[in-house]
Each structure stands twice: as structure tokens, then as C-alpha cells.
Amino acid sequence: MDTAGKTITCRAAIAWKEKSPLKIEEVQVEPPKSGEVRIKMASTGICGTDDHVLKGDLSMKYPLIPGHEGAGIVESVGDGVCSVKPGDKVLTLIVPQCGECDACLHCLGNFCDKQDILPCSGVMMDGTSRFSYRGQTVYHSFRTSTFTEYTVVPEVAVVKIDDAAPLDKVCLISCGVPTGYGAAVNSAKVTPGSTCVVFGLGGVGSAIVMGCKASGASRIIGVDINEQKFPRARALGVTDCINPTKLQKPVQEVVMEMTGVGANFAFEAIGKIETMLAAWNSCNSSYGVCLIVGVAPVNTQLCLQAVSIVSGKTLKGVCLGDYKTKDCIPQLVTDYLQNKINIDPLVTHQLPFNELHKAMKLYHKGKTIRCVLLF
Ligand code: COD
Ligand code: ZN
């Protein structure tokens, strides 16, 4: 049936308010307007950022459809769309690339002006939503909203990928893989023989570990309060595991003792102030580089000892691995298809969309690295 130009009724997960369980409902998805793309979703990962949304750590408009780590097939396109066409396999982009703003035009920038994360407006670029439930507006999250059978995104927030890509897995390359692997390989440019410490061994932290290992790090220290994460982390390349809740002293002191001089690279992939400070204080005071990957709750402050920076260490934030997303993400998919990176160990669970509640339970129990929902 040709659905182009028509409103589609389909299943979607709605968060009616913050801190309340998701409900699968029948929603209406309007056709894409000019410069927009409607996608039939094939898969979506459950990322820590989605959990931040559901917990109310980010400022959002409710009711909303969460999700951003998505893979699917273009169903129809609005006027003027030329980079994708119906039938193309695509990934959604939480950080878009408009190609026109200051960040896109600068050789080092990637945090495009058209992003809708900080802050999240909940609407498309024309100020309206494409989702409704019985006539009531339902908001977008990050202009991606992937926990739905159909979604609408701006053209700048979608990219065509290789036709051979397995859609049940490559959704991870929409967020977790570039965010983690890219932070190590592209942003930090981890050096061979270096010592790295990774705070948080979830999907993103595990991808960081993969990037550190691929870059030739000789020691990778993994820190997590959930010891269930340790065996898989070791399989990916972590050499030493630390559970901070079992320590009598701050984790940074243990890292200092283990390394003698502090880590060359520290990554924070949790999104908490205390672990950001621990990552900073785990770095070598002269040449250490601390990368903040996690987003802390809005309106919180990160306070450093002012003298701790003058000795030469670097503090850097990084989003989506500093990649210009439309330019770089398809290449990561091709790299996966050519066995240059292996994302398979990150996909620990795959469940049908209607088992969303089971998937969320597994995530909250800390059982998953990445659980992929299949439509
Ligand atoms: N100390 C040590 N480990 C901890 C602590 C703590 N205090 N608290 C939680 N953890 C561990 C958990 O046990 C878990 O293993 C891990 O931290 C977090 O993993 P996940 O699987 O819940 O989350 P991820 O890996 O999917 O996402 C982590 C992010 C930091 C990316 C995410 O939470 C976030 O802040 N995202 C926004 C940043 C960003 O760039 N986003 C881009 C698109 S997502
Ligand atoms: Zn994400």
C-alpha cells in the first residue's frame, strides 16, 4: 500500500510524563513536510540518554516518544529532500549536520545548530510535531524519536547507509558506537602503549574500550558499580576492573596507585558530576586528557580545583565522537561490513518492540550492554 502523503497509524512508545513507565499506544504520524523524511523503523537501541530522558534529567516536553539510536528504511520524503529517497536504508542522527552553521563549517566542530538535545524543543524545525494521540500533540525527542514504527526527522538528521547493512544491529552506529569508539579513536586519538581509564561500562563505555584497544592502549582500567559488566568488558579489552563501591578510598586514588603517574586518557561515560571529577583526578597531571562523554543533569555545575589544570592536563567534552555525522557515520557502517570494527559484542539482547517493558527491565537491572528493539 502506498502510504506517501498519508497519515499513518502505528504503534509507538509514549512517555506520558517523566519518571513514569512507557506505554505502547496507537499514534498518528503525519507525512513529512518540506525538508523532512518519514522512516519505517527497523530497529532501535536503548541508550543511557533515553534513560536520562525518562528519569527527567533532561528538560523535555511531555508526552513524548523517546529514542534516538535508530535504523530503518525511508518510507517517503518531503519537498526538497535530495540526500535520501524511499527505500534507502538509513540511520537517525541525534546530532545532525546541516552543513551551514558555524559548527558544521568549522573543521573541528560537530555540535550542529540544528541539534535538539540542549535544550530539547520537542518539535520539528517549523515548531510543530508530526505525532499525535487521539488528536493530542505528542512531542518528539531530539527530533529523532525512534521508539515508534514510523518516525519523521529533518533531512539533516538522517543519513543513507550501505544497502548491505544488517538493520537489526547497525542502529548502534547511530549513537553508541560513534559516541564511544569515536571518543577514543577520533576525539582523544588514544596513543599506542597508553593507559586509559573508562568510567561506566555500559554501551557507550564498552564502545570506548573498543576504541582504546583498537588504538593500541596497553592498559585499560574499567570502572563500574555493577560487576556484571566486568566479564564482557574484559573480553573487549579491559585489563583491570574497579568497583568503586568496594573501595575504602576514592577511585582516583586507586587509579593513581595502580598507574603511579595517572592515566594518559580518562573517559566519563555515565553522566554524573562525581564520576566526572574522579575521571579528571585520575589523569596524569601534566599530559593527561579527560574526556567527558556523559551529559550531567541540567543546571548542575562541575567544580574543579582551579590549580589542578595549570600543570597541563586537558579537559574536553565530546559528543558523537566529534564526528561530523552525515559525513562520517556511513563510513563506520562500511567499516563494520568490512570487519574493520566489530559491533556484535555490544548487542547483548534483541527483542521485539512489543517486549519493550522486558527490555527496559533488563536495562534497569544492568543486564544489557545494548538491547536492540526490533520492529
Ligand atoms: N560509578 C561507576 N559506574 C556507574 C555509576 C557510578 N557512580 N553510575 C552508573 N554507573 C554505570 C552503570 O552501572 C552502567 O554500567 C554505566 O555506568 C552506564 O551505562 P548505560 O548502559 O546505562 O548507558 P550508556 O552507556 O548507554 O550511555 C551513557 C552516556 C554517558 C552516553 C549517557 O548516559 C549520556 O549521558 N548521554 C549523553 C551524552 C551524549 O553524547 N549523547 C550522545 C547521544 S546519546
Ligand atoms: Zn545515545
Side-chain angles (χ1 to χ4, degrees), residues 44-55 57-58 66-70 91-96 110-111 115-118 120 141-144 146-147 157 171-183 187 197-210 221-230 232-233 238 241-247 250-252 267-279 282 291-298 300 316-323 325 329 346-349 359-360 362-372:
T44 181
I46 300 174
C47 172
T49 305
D50 303 319
D51 190 50
H52 285 322
V53 169
L54 300 176
K55 282 193 304 208
D57 284 350
L58 299 170
H68 59 280
E69 196 176 74
L91 296 180
T92 55
L93 302 172
I94 186 171
V95 175
N110 84 326
F111 203 64
Q115 60 83 22
D116 200 44
I117 316 169
L118 299 170
C120 181
S141 56
F142 313 132
R143 296 198 184 115
T144 50
T146 55
F147 288 16
C171 57
L172 267 66
I173 300 179
S174 149
C175 171
V177 171
T179 298
Y181 183 82
S187 187
V197 52
V198 181
F199 287 79
L201 297 172
V204 172
S206 300
I208 294 172
V209 170
M210 278 171 48
I221 302 168
V223 182
D224 203 295
I225 51 174
N226 178 359
E227 292 190 10
Q228 295 177 84
K229 303 283 166 115
F230 293 168
R232 288 196 189 106
V238 165
C241 291
I242 302 179
N243 176 353
T245 64
K246 295 253 173 91
L247 301 175
V251 60
Q252 60 269 28
F267 299 86
E268 200 277 355
I270 301 164
K272 292 184 177 158
I273 298 295
E274 63 269 25
T275 41
M276 292 179 185
L277 289 171
S282 298
L291 287 105
I292 305 295
V293 180
V295 166
V298 281
T300 53
K316 180 172 163 31
V318 51
C319 194
L320 267 283
D322 281 336
Y323 290 119
T325 52
I329 283 190
L346 302 177
V347 184
T348 53
H349 298 75
M360 294 307 291
L362 286 166
Y363 171 82
H364 284 125
K365 282 189 172 163
K367 303 277 183 205
T368 63
I369 296 297
R370 264 298 190 267
C371 178
V372 172

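Everything quoted here is computed from the prediction, not taken from an experiment. Residue numbers count from 1 along this sequence. In listed order, ligands and their atoms are each counted from 1.
- Between Y363 and ligand 1, a contact under 3.5 Å exists for at least one N or O pair.
- Ligand-side atoms of ligand 1 in range of H68: 44 (S), range being under 4.0 angstrom from any heavy atom.
- In this structure, atom 36 (N) of ligand 1 lies nearest to the protein heavy atom T49 OG1, 2.6 Å.
- Every atom of ligand 1 is numbered from 1 in the order shown, and the set under 4.0 Å from a heavy atom of N226 is 13 (O).
- Regarding atom 23 (O) of ligand 1, its nearest protein heavy-atom neighbour is G48 CA, 3.5 Å.
- Checked by distance only, ligand 1 and K229 come closer than 3.5 Å through their nitrogen or oxygen atoms.
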* Would V197 and V223 count as a side-chain contact (heavy atoms from CB on, under 4.5 Å) if you check the C-alpha gap in whole Å, the side-chain angles of each, and the deciding distance to 0.1 Å? -> CA-CA 7 Å; V197 52; V223 182; 3.9 Å; yes
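- From the protein, the heavy atom lying nearest to atom 9 (C) of ligand 1 is I270 CG2, 3.6 Å.
- Listed for the S206 side chain is a donor-acceptor partner under 3.5 Å among the backbone atoms of G202.
- In this structure, D51 has no heavy atom closer than 4.0 Å to ligand 1.
- Set against the non-hydrogen atoms of G203, the atoms of ligand 1 under 4.0 Å away are 21 (O), 25 (O).
- Side-chain N or O atoms of S187 include none that pairs as donor or acceptor with a backbone N or O of V318 at under 3.5 Å.
- Heavy atoms of C319 come nearer than 4.0 angstrom to ligand 1 in at least one pair.
- Between the T348 side chain and the R370 main chain, a donor and an acceptor come within less than 3.5 Å of each other.
- Counting only distance, with no hydrogens or angles, the side chain of D224 and the backbone of L201 share a donor-acceptor pair below 3.5 Å.
- Contacts between E69 and ligand 1 below 4.0 angstrom, taking non-hydrogen atoms only, are absent altogether.
- Between the side chains of T92 and T144, no donor-acceptor pair of N or O atoms lies under 3.5 Å.
- Under 4.0 Å from ligand 1, the heavy atoms of I94 that appear belong solely to its side chain.
- A donor-acceptor pair shorter than 3.5 Å can be found between the side chains of E268 and T275.
- Under 4.0 angstrom from ligand 1, the non-hydrogen atoms of H52 all belong to its side chain.
- Taking atom 43 (C) of ligand 1 as the reference point, the nearest protein heavy-atom neighbour is C175 SG, 3.4 Å.
- Less than 4.0 angstrom separates some heavy atom of V293 from each of these atoms of ligand 1: 38 (C), 39 (C), 40 (O).
- Between T179 and ligand 1, a contact under 3.5 Å exists for no N or O pair.
- A salt bridge links D322 with K316: the distance from a Lys NZ or Arg NE/NH1/NH2 to an Asp or Glu carboxylate oxygen falls below 4.0 Å.
- Across L201, V223, V295, T275, heavy-atom proximity to atom 7 (N) of ligand 1 is greatest for T275.
- Distance from atom 15 (O) of ligand 1 to its nearest protein heavy atom, with residue and atom name: D224 OD2, 2.6 Å.
- The shortest N/O to N/O separation between K272 and ligand 1 falls below 3.5 Å.
- The atoms of ligand 1 that sit less than 4.0 Å from any heavy atom of C47 are 26 (O), 44 (S).
- When the heavy atoms of G321, A269, G205 are ranked by distance to atom 18 (C) of ligand 1, first place goes to A269.
- When only interatomic distances are considered, the shortest N/O to N/O separation between G271 and ligand 1 does not fall below 3.5 Å.
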